[in-house]
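Step one of this worksheet: look at the structure below.
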Amino acid sequence: MSTEEKSAAPRSLAEALRVRDDVSLAALLRSRPDLVTPVPTDLTQLATRAGTRASVVRALERLDRFALQTAEALAVAEDPASYEELLGLMAGDDGDPAVSAALPRAVALLREQALVWGADDRLRLVRTARELLAPSAQHPSPTGLGPTVREATAGMSPGRIQEILAAAGLSSTHDSVSAVTALGGLFTDRTRMAALLDALPGPSREVLERLMWGPPYGQVTHDPAAHLRALLDRGLLLPTAPGTVVLPREVALHLRGGRAHRTTEPVPPPVEAAAAHRPQVVDATAAGQALAALATVEELLKEWDEGGPAVLRAGGLSVRDLKRTAVALDVPEPVAAFWVELAYAAGLIASDGEADERYAATPAYDEWRELPPAERWARLAESWLTATRTPGVVGGRDAKDRTLSALGPNLDRSAAPEVRHRVLALLAGLPEGAAPDAESVLARLRWERPLRGAQQRDHGGQGGQGAQGEEDLRSRLARWTLSEAELLGVTGRGALAKPGRALIGAPEPVHPAAEPEPEGPGDKLPVHHHRTPPVPAPATPAEQAAATAAAARLLAPLFPEPLDHVLLQADLTAVAPGPLERELADVLGVLADVESKGGATVYRFTPGSVRRALDAGQSAADLHAFLARHSRTPVPQPLTYLIDDVARRHGRLRVGAASAYVRCDDDATLDEILADKRAAGLGLRRLAPTVLAAQADPAALLEGLRAMGFAPAAESAAGDVLIARADAHRTPPRAAPQPVPDGPPVPDDTLLTAAVRAIRAGDLASTTPRKPGPGDDAGDGPARAGGELPRTGAAETLATVQAAVLTGEALWIGYVNAEGAASQRLIAPIRVEGGFVTAYDHTADEVRTYPLHRITGVAELADDAG
């Protein structure tokens, strides 16, 4: 390198950032959004912030495995290292074409994220990253390498070092520094090192081979065996503590053939397709699952219409209530937790906030039910995709060994939205209709974020996971994503459906040239070794809303048209051969009980269900007319008789509040009630020939009489029959839970442009030289902007500013704002009047007005300042 090139090479990260263009700076701020909050005042502050431990750790966590291996190799290389030295550490002495092809991308990525700076002949890893990744006894490196010879011999006596030189066949030196340098030169010389190793006995070479790939530390006794003594005498093993020896880094690299890692992974593992289906089958299956998802959520909310389970003191559902919900929905408990959390994330259920706090539907649920089916599904899918609450951890234990309950606290996992989006994006990279092999998806995620997978262990959600309980959080999130996407209808038969593809903003698949499409689910697809193109997550709520709307448009044609009829059968059942219109489904849901679900829903009419419809305000004539209008088959006579029989007895008894009372025009019926042993717990007594008083409350009295086979109706204090509405209980308006962000949000283009402009302006202001003022030391050349505030008298300040207005020159000023914060600013004065100076502020890149009394002083720019 020439002298001019050396002088032009950046001497710090700040100087390296200073020569970047605006596009490169924006890319840095986009990839590391923590650097832009708040916006740095100049590039020096940006470089300082980029080197802080917290920021570097976050940046390392977002590296893929090969980029991380590249950083680890730089951490064990000399500082600075050339690109050729780095390539040797990554590819070894024999070379590796895949590593050679992938290394430029990895170095460019590390440079973009300001983890590496310098030209190819002087690559430097930022100091904090080197401290985090370099090998040490307390923090072993993934490379398995130990300390260098220089590090391992620090503190060793000069005499012992000279003895090692003699045993290794080297000439003695006059000082320890040159001796260590000579020993390191021997260990890095392939030819001389090979001869040294060949002279060792076989057991000694076996010891080196055991330590070669790490850990590099071993234990020895105070009187080592001969084969160990041979290694210690020649410095091939160096003592680090009493009884502990280490394999020097240079020796290990020679034994490894120059490789820093045992296995480098320059290419991401492919996502393999386990099965293939026709795209039409995938979309139809997903649409069926989507309909089932809507029905399940509606069934859940129907169960909670009149007030759901109680809220635990610590928040959430009790284990018993979750089991009841699972039985009501006819699903396993983990699946019930998913549906409950999905409805909560969508803002459809919440706690009512009353003294006896319970869960119930929100007013938003009524609005949601009025939407078209595809839009209802899209709202659920968007809530699932962006939510940080993770149903999969329900039933596990938190850090304090407390059980995690559905709808309770501590269910947020900030990585969940990113993992869900990435899993779906990997599915989008497969051929259309291909279902992935789950293990290949997990392997790909581990390659893309190795540190996050290794460090993000989680206490919750391990209940019932078996072998998966030891998996990292990201892997378990990926498994849950695959199963939840199938439940929700984002995927069908494991493959991503068209609405699911639109939901994440993925482009339409490119259809290959005519290929026979496999028919069965077991047909294997070839392994795909292509790199799945990244699908960026929508950056703004508006972009996600557009993607959600597109998914709804694609799903709508896949839904069957809702039916306005059912098929009544003589066994007191009705068959709905498809989804029903809203009004028909609502009335039929009150008039009959669901007996089975699936492609066709079977409803059963019972005395209790008919009584429920009568309680809701329907008359027998209304029910007959409703069934005749909506049945494609004649109304069976047994159903007509059932309705008439229940209606004839309905309301003959009246229950009101005394504590409670029963009145009936037929005193014989009251005699029958009093004589029934089952009425003993109601505390009944006769007040009049047609009135009984009870100690039980009206609701318990109603249930007790119905259990005895009667059909009482509740009445108001005025004697009118009370009509029970199915959706009587709603919470006050509630907002859906907000996701917990995983770090600072990614800045949008507008913010990035403004931030880069502000940093550039601030850097220009902070690096422009100025002429020395009266308070500056003479003879030291131009003063830099980063020094003390300029100090001049009021008269000199005014005169200098007025002169700058006439000449159009820029000035340095010291300024103290109203809060007392002092700063230096580079301004171009425009006018001075009324005690104020109006100027273009290069630091803020805008025109501002400053009170003259707040300017501490002025200084002219140096003559060579641009």
Side-chain angles (χ1 to χ4, degrees), residues 280-305 328-331 335 338-339 342-343 346 348 361 364-384 485-493 497-500 502-503 548-549 551-569 573-605 609 613 626-633 726-727:
Q280 297 85 349
V281 173
V282 170
D283 293 341
T285 304
Q289 286 294 115
L291 274 178
L294 295 179
T296 303
V297 172
E298 290 186 24
E299 185 176 356
L300 169 67
L301 272 296
K302 182 180 177 182
E303 289 288 327
W304 294 7
D305 259 349
L329 298 180
D330 193 22
V331 295
V335 177
F338 167 70
W339 292 120
L342 179 63
L348 305 182
Y365 170 62
D366 299 312
E367 301 172 5
W368 177 79
R369 291 182 72 230
E370 298 303 320
L371 296 174
E375 293 183 22
R376 281 186 279 142
W377 175 86
R379 179 167 169 182
L380 293 179
E382 179 183 356
S383 300
W384 167 75
E486 190 73 13
L487 285 173
L488 195 52
V490 175
T491 59
R493 299 196 179 185
K498 286 182 179 178
L503 184 68
T548 303
R553 286 194 299 271
L554 290 173
L555 181 63
L558 301 176
F559 278 167
E561 288 294 327
L563 303 177
D564 62 351
H565 64 274
V566 294
L567 307 176
L568 296 178
Q569 303 185 111
T573 60
V575 177
L580 300 177
E581 291 181 346
R582 169 63 54 198
E583 181 182 359
L584 174 56
D586 288 345
V587 177
L588 195 59
V590 176
L591 180 57
D593 298 323
V594 175
E595 188 169 81
S596 66
K597 294 176 288 187
T601 304
V602 178
Y603 295 86
R604 178 165 294 280
F605 300 95
S609 68
F626 169 80
L627 294 174
R629 186 167 63 252
H630 292 289
S631 176
R632 284 291 178 89
T633 58
D727 52 351

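Because only heavy atoms are used, hydrogens play no part in the values below, and waters and symmetry mates are left out as well, while side chains stay in.
In this structure the side chain of H630 never reaches within 4.5 angstrom of the side chain of E581, judged on heavy atoms. Side-chain contact between R369 and D586 is present, with heavy atoms from C-beta onward closer than 4.5 Å. Counting only heavy atoms from C-beta outward, the side chains of L380 and W377 never approach each other to under 4.5 Å. Side chains of L503 and T548 form a contact here, defined as non-hydrogen atoms less than 4.5 Å apart. The shortest side-chain heavy-atom distance between Y603 and V566 does not fall under the 4.5 Å cut-off. A heavy-atom distance below 4.5 Å is found between the side chains of F626 and L591. Put simply, the side chain of L348 does not reach to within 4.5 Å of the side chain of S383, judged on heavy atoms. For the pair E299/L329, a side-chain contact is recorded, criterion being any heavy-atom separation below 4.5 Å from C-beta on.
Between atom CD of residue E382 and atom CD of residue E375 there is a gap of 12.0 Å, rounded to the nearest 0.5 Å. Note that CG of D593 and CZ of R604 are 9.5 Å apart. Values are rounded to the nearest 0.5 Å. The CG atom of L301 sits 9.0 Å away from atom CG of D366, with the distance rounded to the nearest 0.5 Å. Here the CG atom belonging to L627 is positioned 5.0 Å from the CZ atom belonging to F605, to the nearest 0.5 angstrom. To the nearest 0.5 Å, atom CD of residue E298 and atom CD of residue E303 are 13.0 Å apart. To the nearest 0.5 Å, the span separating CG on L488 from CG on L342 amounts to 6.0 Å.
Judged as a ring-ring contact (aromatic ring centres under 6.0 Å, His included), and not counting sequence neighbours, H565 has no contacts.
With hydrogens and angles ignored, the 3.5 Å screen pairs a side-chain donor or acceptor of W368 with a backbone N or O of R376.
Shown here for A613 and V590, the closest heavy-atom pair between the two residues is CA-CG1, 3.8 Å. Among all heavy-atom pairs drawn from L300 and A343, the shortest one is CD2-CB, 4.2 Å. Taking all atoms of both residues into account, the shortest heavy-atom contact from L558 to P499 is CD1-CG, 4.2 Å. Nearest heavy atom pair, residue L568 against residue A574, reads CD2-CB, 3.6 Å. Here the closest non-hydrogen pair linking V282 and G492 is CG1-O, 3.6 Å. Taking each heavy atom of L554 and K498 in turn, the nearest pair found is CD1-O, 3.6 Å.
The number of heavy atoms from other shown groups lying within 6.0 Å of CG (D564) is above 12.
Using a cutoff of 4.0 Å between basic side-chain nitrogens and carboxylate oxygens, E367 and R379 are not scored as salt-bridged.
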